[in-house]
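Heads up, the thing below is written out as structure tokens.
Reckoned from all heavy atoms, side chains included, excluding hydrogens, waters and symmetry mates. Quick caveat: nothing in here was measured; it's all calculated off a predicted structure.
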Amino acid sequence: MSASAGTGVFVLSLMSIPICYLFNSFIYNNSAEAFLFAGCSTVLILAISARFMLKKKAPEDPLFYVYAVYAFLSVVNLIIGLEQDNIIDGFMTFYLKEADPHINTAHGHMISYWDGCVHYLMYLLMIAAITWGDSYRAIGLYWVGSFLMRATVYILGNAVGKYGTHVGPLFIFHMLYISVSVWACFRIFSQPSTRDMQSTNDQRTGLLGRPLDLLFIIFLIPTLAFCVFRGLVRNSGKICPMPRQWQNHLPTKECLYVKLFVFEVALDCSSKWCQDYTQQYEPYLKDPSAYPKVQMLVSMLYSGPYYIITLYGLLVPGCEWMPDLTLVHSGALAQAQFSHIGASLHTRTPFSYRVPADSQPVFLLVNVLYSLVPQALCYRCCTQPAFFLRPATEKKNE
């Protein structure tokens, strides 16, 4: 297949820059005719460009078209993040004033940057792989983890935070994006693995003969403890109750259970260590937007069991699911930590919830190490998967 399709997607994604500027200008000039003309011209140019780049042979993988649209939207998200920080102006001003208020939070800033940089790069890499007929399952699984973490925190944070009652049409559009992305996740999981399935004598090597795995086990134990500890840290912020219009659609008992389990989700750890840690190192956990609270709970309920399963996978040979599991988790944790670290230091976060200046070195050291260990483990499992492969004799017996 010609590379023109992938190049065309890259060029079309960059067209979002002039398109955003023109649409924002026309909206502020209150020119309906000009706005209609710009919209029709944009659709026409995009259609002609898509027809031109696919004239030789259109890609058969439907995810090519999904990621092409997502690449376009990623550039839009990057523009949103840059304009929110006053780096550029006049591209998304109208949208930022009319959009859901969560987009103007520090967490919303970090999501815009992550989607506009990291997700955009992953979309281009997967599109290039589809164009050349290569496998993109590894990158896809990393994206799956990142997307699932982002979507889970976004939905629950919007529901239980102070913006829980501000559900507009854009939230419906975002749910459509999540639905399509979930379908894409299943498509990626269904792809066959391209790893060499020949096992070696590495499976006969004990833990002491694998010093790197022993080092990972030593690091995973305190990582698990830190994950659980931070999920139990006392969050004294008050969480917004369930919107009344949602309560009307739930039976009385179910509504009570949902309130207790989800909407009053802040765990109250009375330990002095928890209180001191929150006040001195991570006061952002008390932010009323509820995103950090939800982030810590999701991380504890998701990463906690993962670390236990990973310890088992590093001790027992033949766990073929280890490389895929580490890819999904490393993508999820990278997205979560990027959003959490950035939002904890961002000027959009109220000063009382930002990390104190004298505590920033410790905060960065702990959180960066917490982020890097799963990435290194993922790299080890994907580049040296021999220990996790089952012997061919076992597969024949099955």
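- Aromatic ring orientation, Phe147 versus Tyr177: perpendicular (interplanar angle above 60°, classes split at 30° and 60°).
- At a threshold of 4.5 Å between non-hydrogen side-chain atoms, the residues Tyr370 and Leu333 count as touching.
- Between the NE2 atom of His109 and the CD1 atom of Ile80 there is a distance of 10.5 Å, given to the nearest 0.5 Å.
- There is a path of hydrophobic side-chain contacts, each under 4.5 Å, that joins Leu214 to Tyr307.
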From CA spacing to verdict: side-chain contact (heavy atoms from CB on, under 4.5 Å), Thr326, Tyr306
CA-CA 9 Å; Thr326 55; Tyr306 162 81; 3.3 Å; yes
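- The CD1 atom of Ile217 lies 4.0 Å from the CG atom of Leu315; values are rounded to the nearest 0.5 Å.
- Put simply, the side chain of Val66 reaches to within 4.5 Å of the side chain of Trp183, judged on heavy atoms.
- From Cys117, atom SG reaches atom CZ of Phe338 across 7.0 Å, with rounding to the nearest 0.5 Å.
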Applying side-chain contact (heavy atoms from CB on, under 4.5 Å), run through Arg230 and Ser299 and close with a yes or a no.
CA-CA 9 Å; Arg230 198 162 60 167; Ser299 296; 5.6 Å; no
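- Looking only at atom types and distance, the side chain of Tyr291 has no donor-acceptor partner in the side chain of Thr105 under 3.5 Å away.
- Criterion: ILVMFWY side-chain heavy atoms under 4.5 Å apart, direct or through other members. Under it, Leu121 and Val9 are part of a common hydrophobic cluster.
- With contacts defined as side-chain heavy-atom distances shorter than 4.5 Å, the pair Cys381/Phe387 does not qualify.
- Across Met92 and Cys20, no two heavy atoms sit closer than the pair SD-SG, 3.6 Å.
- Nearest heavy atoms, Arg354 versus Thr347: NH2-O, 3.6 Å.
- Residues Ser344 and Pro292 form no side-chain contact, since every pair of their non-hydrogen atoms from C-beta on lies 4.5 Å or further apart.
- Residue Leu377 is not grouped with residue Leu372 when hydrophobic side chains (ILVMFWY) are merged at heavy-atom distances under 4.5 angstrom, including chains of intermediate members.
- Residues Ile188 and Leu63 are in side-chain contact: their nearest non-hydrogen atoms beyond the backbone lie under 4.5 Å apart.
- The backbone N or O of Gly116 lies less than 3.5 Å from no partner atom in the side chain of Asn77, so there is not a single donor-acceptor pair.
- To the nearest 0.5 angstrom, Asp134 atom CG is 11.5 Å from Leu125 atom CG.
- Counting all heavy atoms, side chain and backbone alike, Pro305 lies closest to Met300 at CD-O, 3.6 Å.
- Ring to ring, Tyr21 and Phe91 are close: their centroids are under 6.0 angstrom apart.
- Note that OG of Ser303 is 11.0 Å distant from CG of Leu220, once rounded to the nearest 0.5 Å.
- For the pair Ser359 (side chain) and Val355 (backbone), a donor-acceptor distance under 3.5 Å is absent.
- Linking Ile, Leu, Val, Met, Phe, Trp and Tyr whenever their side-chain heavy atoms come within less than 4.5 Å leaves Phe216 and Leu369 in two separate clusters.
- Side-chain rings of His329 and Tyr302 approach one another, their centers coming within less than 6.0 Å.
- Distance alone, capped at 3.5 Å, is enough to place a donor-acceptor pair between the Ser330 side chain and the Leu327 backbone.
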Tell me, with the steps shown, if Thr131 and Thr7 meet side-chain contact (heavy atoms from CB on, under 4.5 Å).
CA-CA 9 Å; Thr131 302; Thr7 305; over 6 Å; no
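- Scanning all heavy atoms of the two residues, the minimum distance from Leu14 to Tyr120 falls at CD2-OH, 4.0 Å.
- Tyr136 pairs by the ring-ring contact (aromatic ring centres under 6.0 Å, His included) definition with nothing, not counting sequence neighbours.
- With contacts defined as side-chain heavy-atom distances shorter than 4.5 Å, the pair Leu285/His340 qualifies.
- Asn367 and Phe363 get closest at one heavy-atom pair: ND2-O, 2.8 Å.
- Remark: Arg380 engages Asp213 in a salt bridge (Lys or Arg N to Asp or Glu O under 4.0 Å) (not counting sequence neighbours).
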Go through the steps for Gln335 and Tyr142 under the test side-chain hydrogen bond (donor to acceptor under 3.5 Å, both in side chains), then give the verdict.
CA-CA 10 Å; Gln335 194 280 329; Tyr142 198 90; over 6 Å; no
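- No side-chain heavy atom of Gln337 sits under 4.5 Å from any side-chain heavy atom of Gln375.
- Hydrophobic clustering, with ILVMFWY side chains joined whenever heavy atoms are under 4.5 angstrom apart, keeps Tyr353 apart from Met110.
- At distances below 3.5 Å, not a single donor-acceptor pair connects side-chain atoms of Asp85 with backbone N or O atoms of Ile87.
- Ring geometry, His119 versus Tyr123: the interplanar angle falls from 30° to 60°, so the pair is classed tilted.
- Looking at Ser13, its side chain never comes within 3.5 Å of a backbone N or O of Ala71 through a donor-acceptor pair.
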Output, in order, the C-alpha distance, side-chain angles, deciding distance and verdict of side-chain contact (heavy atoms from CB on, under 4.5 Å) for Tyr113 and Val118.
CA-CA 8 Å; Tyr113 283 126; Val118 181; over 6 Å; no
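- Arg210 places a side-chain N or O within 3.5 Å of a backbone atom of Leu314 that can act as its donor or acceptor partner.
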Walk me through whether Ser181 and Tyr70 qualify under side-chain hydrogen bond (donor to acceptor under 3.5 Å, both in side chains).
CA-CA 10 Å; Ser181 300; Tyr70 284 3; 2.8 Å; yes
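- The two residues Ala106 and His346 have their closest heavy-atom pair at CB-CB, 4.0 Å.
- Without hydrogens or angle criteria, Lys293 side chain to Gly157 main chain gives no donor-acceptor distance under 3.5 Å.
- Going from atom CG of Asp89 over to atom CG of Leu82 covers 12.0 Å, rounded to the nearest 0.5 Å.
- A heavy-atom distance below 4.5 Å is not found between the side chains of Ile111 and Val153.
- In this structure, the side chain of Ser74 engages the main chain of Asp115 through a donor-acceptor pair within 3.5 Å.
- Not one N or O on the side chain of Ser339 forms a donor-acceptor pair closer than 3.5 Å with the backbone of His107.
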